[in-house]
There are 2 protein chains.
Amino acid sequence: MLDDLDRTIIGILVEDARISLKDLANQVGLSSPSTAERLRRLEERKVIRSFTVDVDPVALGYNLTAVVRVRPLPGMLHIVEKLIQETPEITECDKVTGDDCFIGKLQFRTMEQLDMILDRLAERAETNTSIVKSSPVRRRLPPLS
Amino acid sequence: MLDDLDRTIIGILVEDARISLKDLANQVGLSSPSTAERLRRLEERKVIRSFTVDVDPVALGYNLTAVVRVRPLPGMLHIVEKLIQETPEITECDKVTGDDCFIGKLQFRTMEQLDMILDRLAERAETNTSIVKSSPVRRRLPPLS
DNA sequence: ATAGTCCTGTCCAGATCGTCAAGCATGGTG
DNA sequence: CACCATGCTTGACGATCTGGACAGGACTAT
């Protein structure tokens, strides 16, 4: 399904998605056309979902991050899910097993803003909020093996 | 600090980091050299931390994801932090305020593997694990305004 | 065995792109 | 008013990408 060359390509692109095809080809030991073809197929197969940039939220003015656990009140699950999706400051959210139904990450600028966002949720769910103090593990890939 | 053109550039690159400089320049309404210069400075200022790819973990064989909350036993905080960093299946982890000290995301293939990883942590911390069922909000940027 | 086919690779050439230098417009400042 | 700094454009050249033609190896059916 995914051979060593594909894994090498992915490994390189995770570090630098804007590398030229030529340099990428040199590093994997193929010609550029074949590398281009592999790239095309990795995209086609949705192994690579997208090429993107990692932007520092602080540079956008979001100095604070919180992890919010959300447990909708009875009957409120779908409304709460929609509410979460429509809150743009929630930059990722998973639906999980266990007491909490959703766990999401929230980017914000001030405590007032956090308060406002949580207030909107509080009408329809119990929430539990933890402020992020640091990130011992910054987003990375699991082993490619 | 960051003007409209910069935000436009970021917005476009988040969607497609491999867009050619020329196309990017056309979309923002500048010449390629000025666009290249802005790009260079966005990187230099670390607004853009890196260009990367979004890889589907399932394509790498990681069919399952869990969110793990970790509360180290007394005196174990630093050891636990190190242990988390050295567990490659933990693909992100934040240190947070509140009862839990760490909240991390774990990619794994089988329940046996999950069990093994959690067992290692369990010697030094209480853990609380939620399996991810779906992701109502896939990683996105907060508003650029 | 061998012929056919598919897959994945290479090489080459025309088309496209990135980068550099030079020069112009704008706005702030002595 | 002159000067400088900043940020833009243009044009040219070298580098890169892309599509087509072709080669070799693995698999299959005759």
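Per chain, numbering begins at 1; letters A, B, ... match sequence-line order.
The interatomic distance linking R38(A) (CZ) with dG9(C) (C1') rounds to 9 Å, in whole Å. dT16(D) atom P lies 13 Å from atom CG of L24(A), rounded to whole Å. What separates CG of D3(B) from P of dC8(D) is a distance of 8 Å, to the nearest Å. We find that CG of L30(A) is positioned 10 Å from C1' of dT10(C), with the value rounded to whole Å. Protein atom CG of N26(B) is 9 Å distant from nucleotide atom P of dC17(C), rounded to whole Å. Distance CG (D23(B)) to P (dC17(C)): 6 Å, rounded to an integer number of Å. Distance R18(A) CZ to dC17(D) P: 11 Å, rounded to the nearest Å. Here dT16(C) presents its C1' atom at 16 Å from NZ of K22(A), a figure rounded to the nearest Å.
Crowding of K46(B) atom NZ: a count of heavy atoms from other residues, nucleotides or ligands under 6.0 Å not exceeding 12. Other residues, nucleotides and ligands contribute only 12 or fewer heavy atoms inside 6.0 Å of the NZ atom of K82(B).
Heavy-atom distances under 4.0 Å link DNA chain C to no residue of residues 44-54 of chain B.
Closest of all the heavy-atom pairs between V28(B) and L5(B) is O-CD2, 3.6 Å. Scanning both residues, L13(A) and L39(A), for their nearest heavy atoms gives CD1-CD1, 3.3 Å. R124(B) and L83(B) get closest at one heavy-atom pair: NH1-CD2, 4.1 Å.
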| Taking it one step at a time, do R140(A) and E92(B) satisfy salt bridge (charged side-chain N to carboxylate O under 4.0 Å, His left out)? | CA-CA 7 Å; R140(A) 64 184 176 192; E92(B) 50 183 296; over 6 Å; no
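With hydrogens and angles disregarded, no donor-acceptor distance shorter than 3.5 Å links the side chain of R7(B) to the backbone of S145(B). Judged by distance alone, the side chain of D94(B) and the main-chain N or O of V96(B) form no donor-acceptor pair under 3.5 Å.
Among the heavy atoms of the strands, none lies under 4.0 Å from R40(B). Across all strands, S20(A) comes closer than 4.0 Å only to sugar-phosphate atoms, never to a base (heavy-atom distances).
Taking 4.0 angstrom as the limit, S34(A) places none of its side-chain polar atoms (N or O) nearer than this to OP1 or OP2 of dG9(C).
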| field | Annotated protein contacts, base or backbone, on nucleotides 18-27 of chain D with a non-hydrogen cut-off under 4.0 Å, one of B, S, - each | value | SB--------
Just list the side-chain donor-acceptor pairs under 3.5 Å for residues 71-80 of chain A, sequence neighbours left out, or say none.
none

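Nearer the 5' end of DNA chain C, as judged by each residue's closest nucleotide, is the contact made by R41(A), out of R41(A) and I19(B).
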